[in-house]
2 protein chains.
Amino acid sequence: MAQQHLDPTTDPTVVPADAVAGYLRARATEFLRALRTHRETGGGAAGGAEESTDAALALRRSARRISGTLHTFRPLLDTDWSESLRPELAWLAGTLGREHAYAARLDRLVTALNRLSGASPFPAQQAMPGRSAGGLPATGPAGGRAATAAVGTRPAANPDRGNLTVGAAKAGALLDRQLTLARTRAHSAALQALGSSRFHAVADNVAVLASEVPLTPAAPIADLRPLAAAAHDRLRDAVTGLPLHTAGHAYNAEALIHGLSADTAPHPQDAPWHQVRLLLRLHRYALEVLHPEAVPVDVRLLAAGEALNRHRDASEAASAAAAAARTPRIAPATAYALGVLHADQRHEVEASRFTFQQSWQKEAVSTS
Amino acid sequence: MAQQHLDPTTDPTVVPADAVAGYLRARATEFLRALRTHRETGGGAAGGAEESTDAALALRRSARRISGTLHTFRPLLDTDWSESLRPELAWLAGTLGREHAYAARLDRLVTALNRLSGASPFPAQQAMPGRSAGGLPATGPAGGRAATAAVGTRPAANPDRGNLTVGAAKAGALLDRQLTLARTRAHSAALQALGSSRFHAVADNVAVLASEVPLTPAAPIADLRPLAAAAHDRLRDAVTGLPLHTAGHAYNAEALIHGLSADTAPHPQDAPWHQVRLLLRLHRYALEVLHPEAVPVDVRLLAAGEALNRHRDASEAASAAAAAARTPRIAPATAYALGVLHADQRHEVEASRFTFQQSWQKEAVSTS
């Protein structure tokens, strides 16, 4: 849409600030539409649970894009206004994402437990036909129970498998209890957030954005490309700081170092990878601003992003397994299964880094 | 040495049966020399423990080569005689290998526990300066204790590491107890075997071999190369049956499937790899027969063999960790650490297959 305002007789490659304004208006409009849908479907309380879930997902999607755009193109926007809105959008996106994160984590862990017990691949997905890929806040946590029931039935189907498989079933039941409780709380927290005055203030600000984007006086004559390029540079610099040489060696066994440390805090070695994941997302949003009609498809960047998502998911799943193992009075067989599960997920972390390194090397070669 | 009998005016590439006879005589002589050294050093009871260990290792080395050669070149050798000697040599080599195997397994597991606890790399080796790489039957199981003491001291050095690191220490102590007991028993069994009438019968047969190899009447006009080639073919065929396509994909997560199965039996998926390992050894011995002066160095075949050794070691270490987790009345933290350790070793299994696949592909390309 911004392209329509370009004067091709001057410099046709300049991308003016209009593009940022257009992008922000479009995302703000999406936000308000999603909010209306969410309210009309009763916030997932009854009936249209799936629509409500999709609406909450769309809310989060818009909030993240607005927040990212305010950050990347901040010299073009009214500073006070954008600096006060960004943390509020981050709070909203975080709150709306949590329920889904717990559901996905349980899914991942139950799928892994089934795989480790020698069950047919991906039974967790099969047991949860009703679970959407990005559902939040939805009707409530039913899918997780169905999935873990699949683990629970294994000893009956294979009565001679002994106590370690019972350990897997107990580990699955324990994780189901803990993560379902966390999911339920996240669901309530999200609903509560959407009814809060803090949220209404965010919605009011987004409504302003939908009609008029507060640009700085210098914005109309600015070129967006250097700011988008700076976002890309920050991504490249952060990637340079990653231990890619090690990650590129298959089976380097790095991810499980400190695997028996008792730290409940997230793995410190994962942090720079999480940071790159955020910077990759900001780079992607910046590309969306520059190419409002259609972002050029970059399969390798997509693969790199998926690898980092998997890295984050596996990292958090491994932490959840380790945390569950600290539950008082669990049986040794349960703890053993959680240990195997933790190590399995840490190897997923390592595998994701390997995949990222492979995608990134290809990208570096092709764009250099 | 066999090359001296060749008549280069006929076919200089024929390798006559003399080469087998020469190889067997040389190995039999080595066997008898090692036996004499072992007796002179008192079987490791006192004093020359290292010499005694080296002698037992040399005994096993010769026994394996004689047995393998009897197998590969059996059409050239008196059938009844060689078929009765082979299982006896296998029994001897197995008995002599067990103590070392338990010691190495404990080493491997303690090293892994240290790595998983975030300790400096390879402290186990540093803690065991007295342990030889292939020691059996030696003075007794002292090295293992020293190694595990290193794990045991970690919580004191890092008192805030919490109960999972204590779990690693307890897991190390449990493995130390179990594998040291197994090692002590294997040590006694080896000493007992070397004093048995069964062993004396083997030694008498080997003494015959040192002076005269019982060849068949057809042997003097036979060519060894087709028999050696058949050993190579058996190896290639067995490798063809391996899931190399999967193994060549890094992080395929195959090795940990059934990781939570309660089977105490060795992993069925490992068996074909163990079989290839044995066939690779037979191929190597056949090359030694064909090239008595010096086997041509094949770095890739060496790498493939090392990968299969590591595969076997990691497979057995993973089983030992799983077996220890079935000890009654262990603490959940101990069981958790054993679960992490088991998964870690199963990933070593997977990593070894990956390495083997890489070496083998190179070999296939270079020789095709």
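So you know, we letter chains A, B, ... as the sequences are listed, proteins then strands, and number each from 1.
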Verdict with supporting geometry, B:Thr355 and A:Tyr251, side chain to side chain contact (heavy atoms under 4.5 Å, CB included): CA-CA 10 Å; B:Thr355 306; A:Tyr251 300 105; over 6 Å; no

From CA spacing to verdict: side chain to side chain contact (heavy atoms under 4.5 Å, CB included), A:Leu256, B:Leu116: CA-CA 6 Å; A:Leu256 201 54; B:Leu116 296 172; 3.4 Å; yes

Any pair counted as salt bridge (Lys or Arg N to Asp or Glu O under 4.0 Å), so long as it reaches residues 336-347 of chain A, sequence neighbours left out: A:Arg115-A:Asp344, A:Asp270-A:Arg346

Smallest separation among heavy atoms of A:Leu260 and B:Ala337, with atom names: CD2-CA, 3.6 Å

Structural part of B:Glu350 lying under 4.5 Å from a heavy atom of chain A: both

Which of B:Ala171, B:Ala250, B:Ala343 touches chain A most, by non-hydrogen pairs under 4.5 Å: B:Ala250

Exercise: identify the closest heavy-atom pair between B:Pro332 and A:Ala335: O-CB, 3.1 Å

Whether A:His342 and B:Tyr336 hold their rings parallel, tilted or perpendicular, with breakpoints at 30° and 60°: tilted

